[in-house]
Amino acid sequence: MRPTDVIDVAAAAAPCGLRPANAPEPAPAAAATEGWVHSTETCGAVDGPGIRYVLFLSGCPLRCAYCHNPDTWHRHEGTLTSVAELLTDIGRYRGFIQAHGGVTLSGGEPLAQPRFVKALLRGCKAMGLHTALDTSGYLGALVDDEMMADLDLVLLDIKAFSEKRYRRLTGAELEPTLEFARRLAAIGKPIVLRYVLVPGWTDHEAEIRALAAFAAGLGNVQRVDVLPFHQMGEHKWRERDLNYRLAGVAPPSDEAAERTRSLFRAAGLQVS
Ligand code: SF4
């Protein structure tokens, strides 16, 4: 679930695309399980620590006003792919990503396909790979204990911190995401919190302070990423004849982004 487009800064430097000569085959998993995949990225540098194999899964129950990837909303717009096929491809990069990063399941909303995600995580852990889940947390109740055990890190988008603004922004309820965050905190599962800053939508200082206090109180938030909104996804809405509600909204200034980061820092959180 990537709310903003990503620039692959490491692709040029990393030996991606090459299979290490000694790369072992992936371990067996629930190989026959199939799911809908939008795309893959073999050298992701911004979806978790290090260099990552990123799987963007299709399907999402939210409709975020700032979504840069509305082409991931409907699962059948993706490609039906088996776990075995994906694990074989991930295995080609195992030697490199095991040492330098891991695998991130993103989307869309990966938890819209929980059985598929579970099988993929199991297969990745069987290969000894670090795993991350990039999610809104809205479907966090679908993460069972086995899936949780195979997860090393959750990249959690908390898109707003009042029910009213969250619903206006996403069309969904906020509480399931907060419940998921509390559950992760209760077992000490690390979170990287992501917050997209949109002028007039998510820049209310009191609300950001409240979110920062909530996040700091969890005790398992490793870092907060404040992501300035930009308009790079607008054309996808237009191409699909969708009503883009953020037309004309300017990106936040550097000062506004820094002020937002300072609110999270003031709560004692590490901020990128
Ligand atoms: S949660 Fe869904 S709608 Fe929101 S930004 Fe992510 S993919 Fe787009």
Side-chain angles (χ1 to χ4, degrees), residues 1-7 35-41 44 46-48 52 54-79 104-114 116-117 132-143 154-181 184 191-203 211 224-247 249 251-252:
M1 128 118 35
R2 181 187 287 178
T4 56
D5 285 342
V6 169
I7 298 165
W36 298 92
V37 178
H38 174 270
S39 55
T40 61
E41 185 176 340
V46 295
D47 291 300
R52 309 194 65 88
V54 186
L55 267 164
F56 298 97
L57 306 188
S58 295
C60 182
L62 270 54
R63 293 292 178 265
C64 302
Y66 57 56
C67 184
H68 286 190
N69 297 302
D71 48 326
T72 65
W73 287 352
H74 304 290
R75 66 167 62 184
H76 295 100
E77 287 189 56
T79 304
T104 298
L105 304 185
S106 183
E109 169 52 66
L111 292 177
Q113 302 185 72
F116 189 45
V117 165
L133 181 71
D134 183 6
T135 177
S136 71
Y138 179 66
L139 299 176
L142 298 177
V143 177
V154 176
L155 310 173
L156 183 65
D157 287 317
I158 301 184
K159 298 163 184 291
F161 199 62
S162 75
E163 199 57 61
K164 186 176 154 197
R165 288 202 182 90
Y166 193 89
R167 186 173 285 282
R168 177 185 177 222
L169 185 67
T170 70
E173 307 164 67
L174 168 63
E175 186 53 32
T177 294
L178 302 186
E179 187 51 41
F180 187 51
L184 295 170
I191 290 175
V192 169
L193 175 63
R194 292 173 150 188
Y195 190 74
V196 179
L197 183 64
V198 190
W201 287 67
T202 65
D203 60 349
L211 172 57
V224 179
D225 293 341
V226 173
L227 307 170
F229 159 77
H230 58 68
Q231 290 284 10
M232 285 169 62
E234 182 174 5
H235 69 282
K236 292 188 184 177
W237 290 71
R238 302 221 178 285
E239 284 161 14
R240 292 167 172 266
D241 214 15
L242 294 166
N243 176 28
Y244 184 63
R245 292 179 289 158
L246 298 188
V249 174

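Each residue takes its place number in the sequence, starting with 1. Both ligands and their constituent atoms are indexed starting at 1 by order of listing.
- Proximity to Lys159 (heavy-atom distance under 4.0 Å) selects the following atoms of ligand 1: 1 (S), 4 (Fe), 5 (S).
- The backbone N or O of Val54 lies less than 3.5 Å from no partner atom in the side chain of Thr104, so there is not a single donor-acceptor pair.
- With sequence neighbours left out, Glu175 forms a salt bridge (charged side-chain N to carboxylate O under 4.0 Å, His left out) with Arg182.
- Residues Asp71 and Arg240 meet the side-chain proximity criterion, which asks for heavy atoms closer than 4.5 Å.
- In this structure, Gly108 counts as a contact residue of ligand 1, since one of its heavy atoms falls inside 4.0 Å of the ligand.
- Heavy atoms from both the backbone and the side chain of Cys64 come within less than 4.0 Å of ligand 1.
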- Message: Could you walk me through whether Glu109 and Ser136 satisfy the side chain to side chain donor-acceptor pair (under 3.5 Å) test, starting with their C-alpha distance in whole Å, then the side-chain angles of each, then the deciding distance to 0.1 Å, before giving a yes or no?
- Response: CA-CA 7 Å; Glu109 169 52 66; Ser136 71; 3.2 Å; yes
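- Among the atoms of Cys60, no N, O or S atom falls under 2.8 Å of atom 8 (Fe) of ligand 1.
- Heavy-atom separations between Asn69 and ligand 1 are all 4.0 Å or longer.
- When the salt bridge (charged side-chain N to carboxylate O under 4.0 Å, His left out) test is applied to Glu234, the partners found at least two apart in sequence or on another chain are Arg238.
- Heavy atoms of Tyr138 found under 4.0 angstrom from ligand 1: none, in either backbone or side chain.
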